[in-house]
Number of protein chains: 2
Amino acid sequence: MSNAGDHETSRLDDAARAGWLYYVAGNTQDEIARKLGVSRQSAQRLVSLAVSEKLVKVRLDHPIARCMELAHGLSEKFGLVSCEVAPSDPDAPAALTGVAQLAAGEIERLLKSDHPKIIALGTGRALRACVEQLPKMDCPQHRIVSLLGNMMSDGAATPYNVVIRMADRVNARHYPMPLPVFARSVEEKQLLQQQEAVHNILELARQADVTYVGIGNIGDNAPLLIDGFVSREETRALIKAGAVGEITSWVFDRSGKLIDGLTNDRVASAILHVSPSKPVIAIAVGTLKTDAILAAMRGRLINGLITDEATAEHLLNH
Amino acid sequence: MSNAGDHETSRLDDAARAGWLYYVAGNTQDEIARKLGVSRQSAQRLVSLAVSEKLVKVRLDHPIARCMELAHGLSEKFGLVSCEVAPSDPDAPAALTGVAQLAAGEIERLLKSDHPKIIALGTGRALRACVEQLPKMDCPQHRIVSLLGNMMSDGAATPYNVVIRMADRVNARHYPMPLPVFARSVEEKQLLQQQEAVHNILELARQADVTYVGIGNIGDNAPLLIDGFVSREETRALIKAGAVGEITSWVFDRSGKLIDGLTNDRVASAILHVSPSKPVIAIAVGTLKTDAILAAMRGRLINGLITDEATAEHLLNH
DNA sequence: CAATTAGACGGGCAAATATTCATTCAGACT
DNA sequence: AGTCTGAATGAATATTTGCCCGTCTAATTG
């Protein structure tokens, strides 16, 4: 017993020595092997033992480090395939620019690919801000498709038309959806979606390689209400039915399940299709939205998230 | 100006991201390159930037780490070619076993070499304890030579006969010095050293590839006094002449210079020869000895040290 | 506006590191 | 004693990393 213990501790001592020489003194494993009088392989084993035994602790002195940890934590906890957290600007915690730049960077990287991609987009302020950050590019190989109508029910254009703006910037083929966001009735919705053009666009959206969406909360300050898509009475009914958030106007409850009936009967938007190889990434910032974001992640409506530090903190602390 | 600053910070941000992914998340630089959308080379540059900008801090959670730091500090401060620090046992701070094991390990490594080596040894409790830790070995290729006589002036054997004990253990040729430690007079010393055998041994000692010695303090509890080599009056005279320590009975002052006259006139031991390729390593423990050790290092009487944590701390804080 | 120059970039290659695998060795158990 | 087992070892090999160098870009200067 005492022998085994001694043996173990002396091995750990050596591991610590090797770890120190490697990480602190910057020796190569060959040098460590020489100094400790063991073979190079053994030195390597000692170093990796020091790591696996958690003897070496690495810390990163930079605000970004916290963001990386939060992103990692969110990915783990909610099984996301992709998660990025931008530093919050303490002066303007609600500002979108950090997140918008981060998301724009990711999209830009995507667009640089030579392989043709289908990119599906929702709407929303965050997404709009992000598109504004995109540089001029020339990407005729890609296609950008809208997930939801660009009209109000009365035919007016919707305020945050992301697809057209983006296609404009990056010069890609694009497919805005020539529909209202909500049909006036279930029958009208079916009628509209039977049009061949609409059908094709919905099919394209289904095949999208990546999908970026915003997330809206439900309540007095809900985007859907503010932008005039749903009435105050409808909002009340939705809340009563347990609604906490919406993505492309599809309203869902606390567990991320779509609400049956009510406005969802008349939503003309494409339905989301999540799979690990076809990420659906939400861009959403703000503590008001945490319930909606949490629900969307729980219900696997999304499998990717781009947010800011403050929101990420809230999400990890329920 | 603001552009340059922004550029720099965003570069550091990326460096921090890369550093985090590399050191915390354990990604390879290829993966980082893919995730950050840059070339592998750039990812490598970012990681090394994070290191050179001191964004990554490594800490080792193990008592050994402190010892390594102390050893490093001592090497730097006193230009040692070799320095090792053993953890002090808090229960028995004066115990030699930690240091003895460490030194034995180093000697064992040396003995494992196939190249014939000449190893010169002094005496002392520390060295003796160290030799006791050596395992049985078979090293006929090496030679072990004594730096100083193994007799009292009256012909009795000296108490800590290290050479014979060690040669016994490792089965090497050995050369004990058939002399008293101190001659009775300058004339006797010259006479003794003119013997051919003694002359050869001294020459061998001069050529030694490595030399291990103890360090003694001077004073009421000096080994030289306790073991009966010098009298109380001689000790007083030595202290008056500025003596603070001795190595192989050669007495030196605060700055590491050998004392002129007094007992040094009659010392029959070999004189130490220090050079970077022929290290002279002291094995010395105890806060009583710090002055002696400091002096020996200052005067370049030694260029290597094996000690324990507590002593090392004292040495570094003057 | 042209010339110069500092710095970033990526290809290619050598060094360093990680992993696999067959072998050895010490201790446990029959 | 013989045999088994599991850990440790070093050779071989695969992967990863670090660095040099020619090229390119963009900013600065005359």
(Q) Using the side-chain hydrogen bond (donor to acceptor under 3.5 Å, both in side chains) criterion, which residues pair with A:Thr311? Sequence neighbours excluded. (A) A:Asp308
Q) How close or far is atom C1' of C:dA16 from atom CD1 of A:Ile32, stated in whole angstroms? A) 12 Å
Q: Write out all pairs satisfying salt bridge (charged side-chain N to carboxylate O under 4.0 Å, His left out) with one or both partners inside residues 59-82 of chain A, taking only residues at least two apart or from two chains.
A: A:Arg59-A:Asp61, A:Asp61-B:Lys57, A:Arg66-A:Glu69, A:Arg66-A:Glu313
Q: Rounded to the nearest angstrom, tell me the gap between atom CG in A:Asp14 and atom P in D:dA7.
A: 19 Å
Q) Atom CZ of B:Arg17 and atom CD1 of B:Ile32: how far apart are they, to the nearest 0.5 Å? A) 12.0 Å
Q: Among residues two or more places apart or on two chains, list those pairs meeting salt bridge (charged side-chain N to carboxylate O under 4.0 Å, His left out) that have a residue in residues 113-127 of chain B.
A: B:Arg125-B:Asp227
(Q) Using OP1 and OP2 only, check whether a side-chain N or O of B:Ser39 sits under 4.0 Å from C:dC9. (A) no
Q: Taking side-chain hydrogen bond (donor to acceptor under 3.5 Å, both in side chains) as the test, write out the residues that go with A:Glu106, two or more places apart.
A: A:Tyr212
(Q) Taking side-chain hydrogen bond (donor to acceptor under 3.5 Å, both in side chains) as the definition, give me every residue that meets it alongside A:Lys278, ordered by chain and number, with sequence neighbours left out. (A) none
Identify all pairs in which a protein N or O lies below 3.5 Å from an N or O of nucleotides 16-19 of chain D, and state each distance.
{"residue": "D:dT17", "atom": "OP1", "partner": "B:Tyr22", "partner atom": "OH", "Å": "3.3"}
{"residue": "D:dT17", "atom": "OP2", "partner": "B:Thr28", "partner atom": "OG1", "Å": "3.1"}
{"residue": "D:dT17", "atom": "OP2", "partner": "B:Gln29", "partner atom": "N", "Å": "2.7"}
{"residue": "D:dG18", "atom": "OP2", "partner": "B:Gln29", "partner atom": "NE2", "Å": "2.7"}
{"residue": "D:dG18", "atom": "OP2", "partner": "B:Gln44", "partner atom": "NE2", "Å": "3.0"}
{"residue": "D:dG18", "atom": "O6", "partner": "B:Arg40", "partner atom": "NH2", "Å": "2.8"}

Q: Rounding to 10 degrees, work out the angle separating the end axes of the helix from C:dC1-D:dG30 to C:dT30-D:dA1 (five pairs an end).
A: 30°
**Q.** Any pair counted as salt bridge (charged side-chain N to carboxylate O under 4.0 Å, His left out), so long as it reaches residues 22-34 of chain A, sequence neighbours left out
**A.** none
Q. Which residues satisfy the ring-ring contact (aromatic ring centres under 6.0 Å, His included) test with A:His72, sequence neighbours excluded?
A. B:Trp20
Q: List for me each residue that meets side chain to side chain contact (heavy atoms under 4.5 Å, CB included) alongside B:Arg169, sequence neighbours excluded, and say none if there are none.
A: B:Glu132, B:Leu134
(Q) I need the NZ-C1' distance between B:Lys112 and D:dT9, as an integer number of Å. (A) 13 Å
For nucleotides 22-26 of chain C, tabulate all protein N/O to nucleotide N/O atom pairs closer than 3.5 Å, reporting atom names and distance.
none

Let me check something: any side-chain donor-acceptor pairs from residues 45-52 of chain B under 3.5 Å, sequence neighbours excluded? List them with distances.
{"residue": "B:Ser48", "atom": "OG", "partner": "B:Arg45", "partner atom": "O", "Å": "3.3"}
{"residue": "B:Ser52", "atom": "OG", "partner": "B:Ser48", "partner atom": "O", "Å": "3.3"}
{"residue": "B:Ser52", "atom": "OG", "partner": "B:Leu49", "partner atom": "O", "Å": "3.2"}

